[in-house]
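In what follows, a structure is listed as structure tokens, so that the remarks can point back to it.
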Amino acid sequence: MTRENRRKPRSQLLIWRRHWRQAWAQAWQLLWEKPLESVLTLLVMALAALPAAVLWLASEQLQGVELQSQGDWVVFTRTETSDTEARALAEALRKEDGVQTVTVLSPETVLQQYLQDTAVEAGLQQMAAGIFPWVLEVRATPGLSVEKSTRMAVDWQQHWPQIIDQVDHDPVWQALRMHLARFLTRSLLWVSLFSVVILFFVVSNTVHLRLRRHQAAIEVMQVLGASNAYLRRPYLLASMLGGLLAGLLTVLLLALILLSLSRPWHDLQQGLGLPPFELRLAGRGLWLWPLLLAGLSLLSARISLQKLRSS
Amino acid sequence: MIRLEQVSKRYQGSAFVLANISVEIAAGEMVFLTGHSGAGKSTLLKLIGLLERPNGGRISIGGLDIREVKPRGIPWLRQRMGFVFQDFQLLDDRNVFENVALPLRILGLDERDVRRRVSAALDAVGLVDKGRVLPRTLSGGEQQRVGIARAVVHRPAILLADEPTGNLDPALSREIFELFRHFNDLGTTLLIASHDLALLREMNQRTLVLEQGRLLHDP
């Protein structure tokens, strides 16, 4: 219908790229048109996400790294056990139902650890070298019952009496850890659910405020032929950017909290004689946090923008 | 170009705003629409501009029956029309250039084309040096000229104007109508709603008269 448009067909891809470029610019404008409002919104989003982030971090590090580093069973061989026998035993244990991993520590490694822990003088090192056994740190598959793990410890000792001197197994500690893991997982689920609900309301409210502020412009653009996607895109991108920034802010707040708590936590651990464990700003999930928040914000904004239609 | 057959429109809980309107407007024609307030002029423009849907009858634009247009196709059709409003509907937070550039940005034109076409449109309405100013700093007549530049910048086939001179004095109104005539000479089909009878007589164009939703006169 338009004379020039007919004469000069434009590439749809080029139009799409230009629309995206415009949308990015408008999204930044939306974020910065009310800086204080944006900062407060980001802060509320970060605070809403913070409990879930703390629990996630604790859950991942408690369950996955620190507490299981000693293994669920610690198998001490007899001192005369050879390298081949120790490794054959490790191989046999690996095939056991209920065993996840087996870490083999040679007598030399055990000696080094002993020296580090007890600060035995260097002169005693050679003397001590001959008295250390092979140590196998065996980790159970998650969810293995306390009864079964205890039975397995007894079975191993009976099955390999020539090689195994002793199996250390603390069913109380294992049960405690299992309960702790279950508690953390369930708490994480609930806290995450609350965080998602709060995030949804915050993002939805922000989108509605922005729509109201730009209602006149939106109506004019609708009349001029802006499509639904064209109208929604800046609001979606602004929400996504907001989520990303809020996620980064969450990580920053987490770092500050961990930094301020590290000393009192260390003192508490020593005072109560707890196993050494320190929450660190690390872990797979943590660095996905900003992306997760960006995705959630995008989804919330998309639901909130459902009513915005150009036709 | 525009064909209405037995078109009716009523809003929920009200009487018919338009009843059995049949009219045909050829490509390149300039048609005025007049009548008292509430006669249905604005509604008729909204129906043609796809801002409202009729309750009965058939509207076709460029041979396309709008009943067959899916919601996704409506923006596409609107991009091929220009709209001029009585209250200008300019965006206060954007300067004149950006206001006029709006339809081109929606069409996805490249920046060079946008600059060229906006300059040409502003030149055509005599505001080429006002690109950087905000609309609210302009007079009513200038703001309406910006509105017209925005309506024609993407060279639409159809231009719909709803009381474009309603807020302007007679001298400025004449100026605006002359602008419309200029764009009509370039081939644009125009449908203009106005109740300024003196000016309509002066323009000496086909004039449709609406009265209480019915077409009273179509020469």
Side-chain angles (χ1 to χ4, degrees), chain A residues 1-35 209-234 237-238 305-311, chain B residues 1 27 45-46 49-53 61-64 69-85 87-94 98-111 113-114 117 147 150-151 153-158 160 162 186-189:
Chain A
M1 284 172 73
T2 313
R3 294 183 303 278
E4 182 152 325
N5 294 346
R6 257 193 193 165
R7 277 205 306 273
K8 192 177 159 189
R10 292 182 301 276
S11 154
Q12 205 55 42
L13 184 68
L14 272 176
I15 292 171
W16 186 79
R17 276 178 52 190
R18 284 175 200 135
H19 280 171
W20 272 97
R21 214 177 299 146
Q22 287 174 34
W24 275 111
Q26 286 169 21
W28 282 111
Q29 277 173 10
L30 285 172
L31 273 178
W32 297 116
E33 66 184 356
K34 299 267 178 190
L209 284 175
R210 283 179 183 151
L211 285 180
R212 191 178 292 181
R213 207 176 293 138
H214 295 278
Q215 195 174 353
I218 289 169
E219 282 171 8
V220 169
M221 286 199 272
Q222 283 174 332
V223 172
L224 296 178
S227 65
N228 290 340
Y230 183 88
L231 291 169
R232 284 174 185 159
R233 211 172 282 138
L237 289 178
L305 285 164
Q306 196 60 34
K307 284 181 187 167
L308 184 64
R309 289 182 189 283
S310 64
S311 46
Chain B
M1 168 60 60
L45 289 180
K46 282 179 183 169
L50 287 97
L51 302 172
E52 300 274 1
R53 289 275 181 166
I61 297 165
L64 187 70
V69 178
K70 291 182 179 152
R72 271 174 183 270
I74 291 174
W76 183 87
L77 262 177
R78 283 187 196 149
Q79 285 168 9
R80 279 135 190 95
M81 298 181 190
F83 294 86
V84 179
F85 307 92
D87 55 354
F88 324 129
Q89 300 270 356
L90 301 174
L91 307 185
D92 284 338
D93 59 342
R94 301 179 194 209
E98 283 305 321
N99 266 282
V100 177
L102 212 50
L104 305 178
R105 304 233 187 266
I106 291 170
L107 281 171
L109 263 66
D110 73 47
E111 202 49 41
D113 270 355
V114 170
R117 287 214 202 176
R150 186 180 64 185
V153 71
H154 55 302
R155 295 164 199 179
I158 301 166
L160 305 170
D162 190 6
L186 295 175
T188 309
T189 307

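So that the names make sense, note that chain A is the first sequence line, chain B the second, and so on, each numbered from 1.
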Worksheet item: Can any side-chain N or O of Gln79(B) pair as donor or acceptor with the backbone N or O of Gly225(A) at less than 3.5 Å?
Response: yes
Item to complete: Kindly write out the residues that satisfy salt bridge (charged side-chain N to carboxylate O under 4.0 Å, His left out) with Glu111(B), not counting sequence neighbours, or none if the list is empty.
Response: Arg105(B)
Discussion item. Return the CZ to CG distance between Arg213(A) and Asp93(B), rounded to the nearest 0.5 Å.
Written reply: 11.5 Å
Discussion item. Within this structure, what is the CG-CG distance for the pair Leu224(A) and Leu104(B), rounded to the nearest 0.5 Å?
Written reply: 10.0 Å
Worksheet, complete the sentence: Rounded to the nearest 0.5 Å, the CD1 atom of Ile106(B) sits from the CD atom of Gln222(A) at a distance of 10.0 Å
Discussion item. How long is the straight-line distance from CG of Asp110(B) back to CZ of Arg18(A), given to the nearest 0.5 Å?
Written reply: 4.5 Å
Discussion item. With a 4.5 angstrom heavy-atom cut-off, is it the side chain or the backbone of Arg150(B) that approaches chain A, or both, or neither?
Written reply: side chain
Fill in: With sequence neighbours excluded, residues passing ring pair (Phe, Tyr, Trp, His ring centres under 6.0 Å) with Tyr230(A)
His19(A)
Worksheet item: Distance from Ile74(B) atom CD1 to Asn228(A) atom CG, nearest 0.5 Å?
Response: 9.5 Å
Fill in: Taking every non-hydrogen atom, the tightest pair across Ser227(A) and Pro75(B)
CA-CG, 3.8 Å
Worksheet entry | Closest contact, heavy atoms only, Phe85(B) versus Val223(A) | CZ-CG1, 3.6 Å
